[in-house]
Amino acid sequence: MTHKYPPPDQALAEHPKDYSDPELKEYTDEFAQDILDEVTPIMPIVLPLMAALQMFMLAFIAVVMA
């Protein structure tokens with residue numbers, strides 16, 4: 001049995017405004033968010049914290065190895 005419709009990610013990539021399934025339209029309208037817009041505000045906090053953690057881990061490894 002072959003599928004009549006392409007997978008949702010391919011169908012939406014070609015025609016983002018056309019939906020064959022009304023439930024998919026409701027889901028995407030309700031839950032679809034731009035990930036980059038969500039992460040961008042917290043990057044000034046997370047990036048330095050992760051850099052400090054990485055420096056601490058590398059220093060710890062150097063001390064243990066010495």
*Which ILVMFWY residues are connected to Phe60, directly or by a chain of links, through side-chain heavy atoms under 4.5 Å apart?*
Val64
*May I ask you to list the residues sharing a hydrophobic cluster with Leu58, side-chain cutoff 4.5 Å, ordered by chain and number?*
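The other cluster members (ILVMFWY side chains, heavy atoms under 4.5 Å, direct or chained): none.
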*CE of Met43 to CE of Met50: how many Å apart, nearest 0.5 Å?*
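Reported value, rounded in 0.5 Å steps: 10.0 Å.
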